[in-house]
Amino acid sequence: MSDTTLITPDFPERVTLELTNRCNLNCGFCPRRFMEPRQGDMDTALALRIIDELAEHAPVQVVPFFRGESLLHPRWADILAHVRHRGAGPIQFATNATRLTPEAIAALLDIGVDVISFSLNPPPSDPEAARRHGVDYDACRANVLAFLEAREKRGSATVVQVSTVETAQRKPEVADFVAFWSGRADRVRVYPEHSGDGHPGSIAEPLPDFERRLPCRKLTTDMVVCWNGEIAVCNHDWTRMVNGRRIGSAAEASLASIWRSPAYEDLRRRHESGDLSGTDVCEGCDHWKMYYMENGYLGQLHTREQRA
């Protein structure tokens with residue numbers, strides 16, 4: 001297979017369900033400022049129907065998280081339990097840990113999520129900036145430590161990742177963050193800040209140079225369903241517009257039919273040709289590069305194996 005050839009399976013390997021695009025935080029680096037103003041929760045009946053379709057193509061990795069805080073959805077536990085009940089595939093959950101109550105911890109462990117990622121971003125040292133940040137980091141850290149303790153007591157196999165975003169202002173804090181969590185979590189992930197210039201997925205930090213634009217593999221592996229059913233092509237597609245067209249809606253058609261729709265296939269052909277001029281989503285994105293880098297990811301990843 002050449003670098004410019006995309007082999008697309010009949011169904012995506014990974015499907016993200018945006019249970020809500022509401023968030024209770026106001027992180028300055030988050031591209032939520034580019035998101036449409038309308039907010040809401042995914043209709044539970046729609047979520048369950050999508051999960052039923054995923055089960056028909058199992059295993060499909062299910063990611064019940066996108067632009068909002070999933071624990072704000074009033075029936076998040078029922079939706080995750082349905083994924084497990086139908087055997088749709090491994091569940092990769094993410095939360096900012098602000099609402100990680102003892103009841104939520106018990107529910108997540110009862111459901112048996114396969115991977116849980118806690119997004120923790122210590123507030124800036126400046127008091128006013130910290131106030132705007134809107135999070136009590138110490139309380140969130142205590143919540144994650146409580147989850148780790150409960151996991152240990154149960155002997156749960158849930159893999160725990162703790163992540164943060166490295167910004168220009170927060171670089172000095174990252175080493176301390178990694179040092180604290182490296183002895184506690186299974187994985188510590190440091191993500192580079194992205195989309196700050198208004199282009200989805202753009203990275204301000206230096207990345208390897210390539211002679212030409214190569215295809216992004218996400219178009220052959222991932223699909224994102226937003227809270228209202230609209231389809232995004234990946235987790236950096238915050239506008240859901242490709243050349244001025246919507247990709248589709250899970251409220252109106254099956255994921256399988258949308259996956260092989262003319263709009264999706266046209267975008268894949270444009271990636272193969274390297275001509276993405278005028279695209280609303282992909283033209284300014286840098287995340288395609290990770291598929292052609294030796295380590296296969298952007299930012300930092302620290303695992304227990306690396307520390308052993």
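Under the rule for a ring-ring contact (aromatic ring centres under 6.0 Å, His included), the partners of Phe210 that lie at least two apart in sequence or sit in another chain are Trp288. In this view, His194 and Pro31, Ile203, His236, His287 satisfy the side-chain contact (heavy atoms from CB on, under 4.5 Å) rule, not counting sequence neighbours. With sequence neighbours excluded, the residues satisfying salt bridge (Lys or Arg N to Asp or Glu O under 4.0 Å) with Asp138 are Arg141. Taking Ser70 as the reference, nothing meets the side-chain hydrogen bond (donor to acceptor under 3.5 Å, both in side chains) condition, with sequence neighbours excluded. The side-chain contact (heavy atoms from CB on, under 4.5 Å) check on Glu230 picks up Asn228, Arg240, Arg246, with sequence neighbours excluded. With sequence neighbours excluded, the residues that form a salt bridge (Lys or Arg N to Asp or Glu O under 4.0 Å) with Arg75 are Asp78. Listed by chain and residue number, nothing satisfies the salt bridge (Lys or Arg N to Asp or Glu O under 4.0 Å) test with Arg33 (two or more places apart in sequence, or in another chain). Asp41 is linked by a side-chain contact (heavy atoms from CB on, under 4.5 Å) to Thr20, Arg22, His73, Pro74, counting only residues two or more places apart in sequence or in another chain. In terms of the side-chain hydrogen bond (donor to acceptor under 3.5 Å, both in side chains) criterion, Asp43 has no residue partners (sequence neighbours excluded). Applying the ring-ring contact (aromatic ring centres under 6.0 Å, His included) rule to Phe118 yields the partners Phe147; only residues at least two apart in sequence or on another chain are considered.
The closest donor-acceptor contact from the side chain of Arg84 to the backbone of Asp110 lies at 3.5 Å or more, if one exists at all. In this structure, the side chain of Arg184 does not engage the main chain of Leu145 through any donor-acceptor pair within 3.5 Å. A distance-only check finds no donor-acceptor pair linking the side chain of Tyr191 to the backbone of Leu298 [under 3.5 Å]. At least one donor-acceptor pair closer than 3.5 Å links the side chain of Arg32 to the backbone N or O of Asn21.
His82 and Asp52 share a donor-acceptor pair across their side chains, judged by distance under 3.5 Å alone. One side chain, Thr164 or Asn121, offers a donor N or O that lies under 3.5 Å from an acceptor on the other.
Within 6.0 Å of atom CG in Asp10, 12 or fewer heavy atoms from other residues, nucleotides or ligands are found, so the atom counts as exposed in its surroundings.
By the rule that hydrophobic residues join a cluster once side-chain heavy atoms approach within less than 4.5 Å of another member, Val233 and Val62 end up as members of one cluster.
Side-chain contact between Thr158 and Phe93 is absent, with no heavy-atom pair separated by less than 4.5 Å. Residues Phe66 and Trp238 have side chains in contact (heavy-atom distance under 4.5 Å, counting atoms from C-beta outward). The closest side-chain heavy-atom distance from Lys218 to Asp237 is not below 4.5 Å. Taking 4.5 Å as the limit, every side-chain heavy atom of Gln92 sits out of range of all side-chain heavy atoms of Gln161.
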Chi angles and distances behind the side-chain contact (heavy atoms from CB on, under 4.5 Å) call for Glu69, Leu25: CA-CA 9 Å; Glu69 169 50 48; Leu25 299 184; over 6 Å; no

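Grouped with Leu72 in a hydrophobic cluster is no other residue, since no side-chain heavy-atom contact under 4.5 Å to another Ile, Leu, Val, Met, Phe, Trp or Tyr is found. Clustering of Ile, Leu, Val, Met, Phe, Trp and Tyr by side-chain heavy atoms under 4.5 Å joins Val115 with Val159.
For Arg269 and Glu265, the salt-bridge test fails: no basic side-chain N is under 4.0 Å from an acidic carboxylate O.
Aromatic pair Trp259/Tyr264: centroids less than 6.0 angstrom apart.
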